[in-house]
Amino acid sequence: MDISAETYLHDLLTTLMRKQGWPTEAVSINRPRQEGFGDYATPVAMSLAKTLKQAPRAIAEKIVRNLEFDRNLIEEVSIDGPGFINFRLGPGYWQNVLAEILRKRELYGRSTWGAGRKINMEFVSANPTGPLNVVSARAASIGDVLVNLFHAVGAEASREYYVNDAGQRVRMLGYSVSARYMALFGKEEPFPEDGYHGDYIKDLAAEIRDEFGDRFVSLSLEERCDQLTQIALDRMIRAQRETLEKFRVKFDLWFSEQSLLDSNRQQEVLDLFAQKNFSYEKDGALWFRSSQFGDEQDRVLLKSDGEPTYFLGDIAYHMDKYRRGFDQLYDLWGPDHHSHVTRMEAAMQALGYPPGSFQVRIIQQVNLLRGGEVVKMSKRAGNIIEMTELIEEVGVDAARYFFLMRKLDSPMDFDIDLAKKQSDENPVYYVQYAHARVCNILAHAATKGIALSENYDLRLLKTPEELAVLRKLAEFPETVSKAAQFLEPHRLTIFLQELAAIFHHFYHEHRVVSEDAAMTQARLRLVEGVRIVLANALKLLNITAPEKM
RNA sequence: GCGCCAGUAGCUCAAUUGGACAGAGCGUUGGCCUCCGGAGCCAAAGGCUGUGGGUUCGAUUCCCGCCUGGCGCACCA
């Protein structure tokens, strides 16, 4: 049977509740933390105690007495503690799980939780005025994996990057490059006050000189800046794209802010707001009544000089996403955009989109630690720790894994020294080694001339260590769907570490390839199941599953 | 001052979204290689979950107050 034990038990109990005339909402199945309490448990008797005005244990006994179940799958039902009903599944159930894994292979872990949903995931979206930093790297790995997870639960999902290629910051990039460029020809041009001081600007200027020579020197300041802005912008964006691809992140769409301004999306927003009376004029500017939607104050849409704010552009952009058919929008923003969240949620509500269909998660700060000390960074000051440096120093696999170990909305410490260590202290190597070890066993069997036979009996797998592996393998689909559901990719890294530990333990206790031919065949299948699940999980994380290390 | 997020073992983090005796890794201490790779395994020590109240059968989880830390509070983008 492909149906999960959880669903089976849930149905079983719900049917019984109905028969008794009891409310079915109280039915919930969970997995006890404690080993001794069976594989699944329900606190339903306790939840019902109040409404039924009976003691929890009495209710539990009534439930157990009337429960009809398949004895091949459920070995034991017991009542413990204040009124928990515990279910212990038999080896047959777990052996079936392995059969299912071997049948589904790379499809094992998929589900239909998200079927029919069309999800847009916008992440990174850094200004094209500087190189990507480590927070961008964190966002990149998380957003990328979330989209993989959405696909795994049957949803349509795409990766989107909003390119802020319009506005003052971009112009400032042009002025900064221009000043550096002119300096290369010995011409003094005052460096803009809010310009970008990073070395990458000098590099860019030199690059442009090498390729285009002095052709911009004789132009007027405005003319030169216009042209240099465009060139610099293209190169910054290309560099960002290359960095992200090196990090194995590929976006489906790079959405240009400028293209939005050229369209009439912003006017549509203004018209809609005016129509619903969500906007008004004050001090020569046009304001959005965001305070009606929980914001602490109203926000400006059009400045008194008539120019649209970034906010208006962003509203229009998100309206555009809905118009393109997405029914769920997720944005991962950096910590500096914190204040923006409430007003954007307000705007989406005002436009009439369902609450919750637009959600922002703030990717929190990354503290890089080297030698136990925090490495400081600042984009403005120019001593930024670049994403490319981090990738080069610790490698893509380790960097991705470390970012994915933590919940996304809490600040994290990134220990560079640890990430670089190729030893058991480093969790990514621990997990990858488990995969390599499985491959090694399979290779070893092959050199011994043992071929995988179609004639194998999974019923031989019944020692505690084997069953422990099977139980953990069985958790994978649920782990995937919960990770997608709650936007918590770290569930996967935790799962991987647990599976690796249980497998290493099994390996230590039992030989796979032995004199016992039948047992060898069964265990080779077990090990193959471990390999499949490790590989599937690592693939969701976009991390290498090595055959050798 | 206001808002958001966080506070769990020495350190970095979990805890199945309100369930049972709060778990992992690292670090510390002590063990394990005639063997499919020791990049591994086993064991021990380590906790009043920041703090005070509340809600209930049951709270790390929900509510209120306080303390500490991070981030944010533009007609910038």
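Naming convention: chains lettered A, B, ... in sequence-line order (proteins, then strands); numbering from 1 in each chain. These values consider heavy atoms only, across backbone and side chains, with no hydrogens, waters or symmetry-generated copies. Fair warning: this is a prediction, and the values are worked out from it, not measured in the lab.
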Q.
Classify A166(A) by what it touches in the nucleic acid, base, sugar-phosphate, or nothing, heavy-atom distance under 4.0 Å.
A. sugar-phosphate
(Q) Can you tell me how the ring of F506(A) sits relative to the ring of F503(A), calling it parallel under 30°, perpendicular over 60° and tilted otherwise? (A) tilted
Between I363(A) and the options R138(A), H337(A), M412(A), the side-chain contact (heavy atoms from CB on, under 4.5 Å) test singles out R138(A)
To the nearest angstrom, the CD-C1' distance between Q359(A) and rC4(B) comes to 16 Å
Evaluate the ring planes of Y317(A) and F255(A), with Trp represented by its six-membered ring, and classify them as parallel (under 30°), tilted (30 to 60°) or perpendicular (over 60°).
tilted
So what does R406(A) touch, heavy atoms closer than 4.0 Å: a base, only the sugar-phosphate, or nothing? sugar-phosphate
To the nearest angstrom, the CZ-C1' distance between R523(A) and rC35(B) comes to 14 Å
Considering only the P atoms, how many Å lie between rC67(B) and rG25(B), rounded to the nearest integer? 38 Å
Stems field, RNA chain B, Watson-Crick or wobble, 3.5 Å, at least 3 pairs, by first number, holds B:1-7 with B:67-73, B:10-13 with B:23-26, B:28-32 with B:40-44, B:50-54 with B:62-66
Is there ring stacking between Y507(A) and rG40(B), where the centres must be under 5.5 angstrom apart and the planes under 30 degrees?
-> no
Rounded to the nearest 0.5 Å, the CG atom of D397(A) sits from the CG atom of L541(A) at a distance of 10.0 Å
*asked:* Need one value for D80(A): base, sugar-phosphate or nothing, where a base atom within 4.0 Å counts as base even if backbone is also close, heavy atoms only.
replied: base
Of L369(A) and P43(A), the one whose closest nucleotide on RNA chain B sits nearer the 5' end is L369(A)
note: R171(A), atom CZ; rA77(B), atom P; distance rounded to Å ~ 9 Å
Open item on the list: Looking at rA20(B), I'd like to know if its phosphate oxygens (OP1 or OP2) sit under 4.0 Å from a side-chain N or O belonging to R33(A).
Closed with: yes
| said: Regarding K448(A), tell me which of base, sugar-phosphate or nothing describes its non-hydrogen contacts under 4.0 Å with the strands shown. | reply: nothing
Quick note, salt bridge (charged side-chain N to carboxylate O under 4.0 Å, His left out) partners involving residues 492-501 of chain A, not counting sequence neighbours, are K472(A)-E498(A)
Handout entry: Between rC48(B) and rG7(B) - C1' atom distance, rounded Å
Key = 16 Å
Check your understanding: Can the ring centroids of F123(A) and Y330(A) be said to lie less than 6.0 angstrom from one another?
Key -> no
Winner on side-chain proximity to D413(A), out of rA77(B), rU12(B), rA20(B), is rU12(B)
From CE of M405(A) across to P of rA24(B) the rounded distance in Å is 17 Å
| field | Integer angstrom distance from the P of rA20(B) to that of rA15(B) | value | 14 Å
Readout for nucleotides 69-75 of chain B: B = base within 4.0 Å of protein heavy atom, S = sugar-phosphate only, - = neither; 5' to 3' it is --SSS-B
From the candidates rC36(B), rC41(B), rG19(B), the one with an atom nearest any side-chain atom of H504(A) is rC41(B)
(request) Scan S47(A) against the nucleic acid and name what it touches under 4.0 Å (heavy atoms): base, sugar-phosphate only, or nothing. (result) base
Give me the distance, rounded to whole Å, that separates rG50(B) from rU68(B) when you measure between the C1' atoms they each carry.
7 Å
Handout entry: Interatomic distance at P, rC64(B) relative to rU55(B), whole Å
Key = 15 Å
Q. Between H490(A) and rA15(B), is there a side-chain N or O to OP1/OP2 distance below 4.0 Å?
A. yes
The glycosidic conformation of rC48(B), counting syn as within 90° of 0 and anti otherwise, is anti
**Asked** So, is K407(A) near the phosphate of rA15(B), with a side-chain N or O under 4.0 Å from OP1 or OP2?
**Response** yes
| message | Heavy atoms only, 4.0 Å cut-off, all strands: where does D295(A) land among base, sugar-phosphate and nothing? | response | nothing
Pair up each side-chain donor or acceptor in residues 291-307 of chain A with any protein partner under 3.5 Å, not counting sequence neighbours, and list the distances.
from	atom 1	to	atom 2	distance (Å)
S291(A)	OG	D298(A)	OD1	2.6
D295(A)	OD1	R299(A)	NH2	3.1
D295(A)	OD2	S290(A)	OG	3.3
D295(A)	OD2	R299(A)	NE	2.8
D298(A)	OD1	S290(A)	N	3.3
D298(A)	OD1	S291(A)	N	3.0
D298(A)	OD2	Y280(A)	OH	2.6
D305(A)	OD1	E307(A)	N	2.9

*Counting any heavy atom closer than 4.0 Å, what does F486(A) reach on the DNA or RNA strands: base, sugar-phosphate only, or nothing?*
base
Determine the contact category for E488(A): base if any of its heavy atoms lies under 4.0 Å from a base atom, sugar-phosphate if only primed atoms, P, OP1 or OP2 are that close, otherwise nothing. base
- request: Classify the nucleic acid contact of H435(A) as base, sugar-phosphate or nothing, counting any heavy atom under 4.0 Å across all strands shown.
  value: nothing
Subject >> Electrostatic pair R491(A):E488(A) at N-O distance under 4.0 angstrom >> reply: yes
**Asked** Do the ring centers of F84(A) and F37(A) come within less than 6.0 Å of each other?
**Response** no
Separation between CG (L149(A)) and CD (Q485(A)), nearest 0.5 Å, reads 11.5 Å
chi for rC33(B) classified (syn = within 90 degrees of 0, anti otherwise) as syn
The correct set of residues in residues 511-518 of chain A placing a heavy atom under 4.0 Å from RNA chain B is R511(A), V512(A), V513(A)
When rounded to whole Å, the CD to C1' distance for the pair E345(A) and rG3(B) reads 13 Å
Considering only heavy side-chain atoms of M412(A), the closest of rA39(B), rC13(B), rC41(B) is rC13(B)
Closest to the 5' end of RNA chain B, once E509(A) and Q168(A) are matched to their nearest nucleotides, is E509(A)
Suppose we call two aromatic rings close when their centres sit under 6.0 Å apart. Are Y40(A) and F87(A) close by that rule? no
Q497(A) atom CD is separated from rG40(B) atom C1', nearest whole Å, by 15 Å
Problem - Parallel, tilted or perpendicular, as decided by the 30° and 60° cut-offs, for the rings of F278(A) and F273(A) - result: perpendicular
Side chain to side chain contact (heavy atoms under 4.5 Å, CB included) filter on E345(A), not counting sequence neighbours, yields V341(A), F358(A)
Glycosidic torsion of rU61(B) (syn if within 90° of 0, anti otherwise) classifies it as anti
Sticking with atom P, work out how far rA59(B) lies from rG18(B), rounded to a whole angstrom. 14 Å
*asked:* Quick test of the criterion, 5.5 Å between centres and less than 30° between planes. Is Y430(A) stacked on rA39(B) or not?
replied: no
Under-4.0 Å salt bridge between K321(A) and D331(A): yes
Does a salt bridge link K482(A) with E478(A), judged by any charged N lying under 4.0 Å from a carboxylate O? yes
Rounded to whole Å, the CD-C1' distance (E528(A) to rC36(B)) equals 15 Å
Atom CG of L492(A) and atom P of rU16(B) are separated, to the nearest Å, by 16 Å
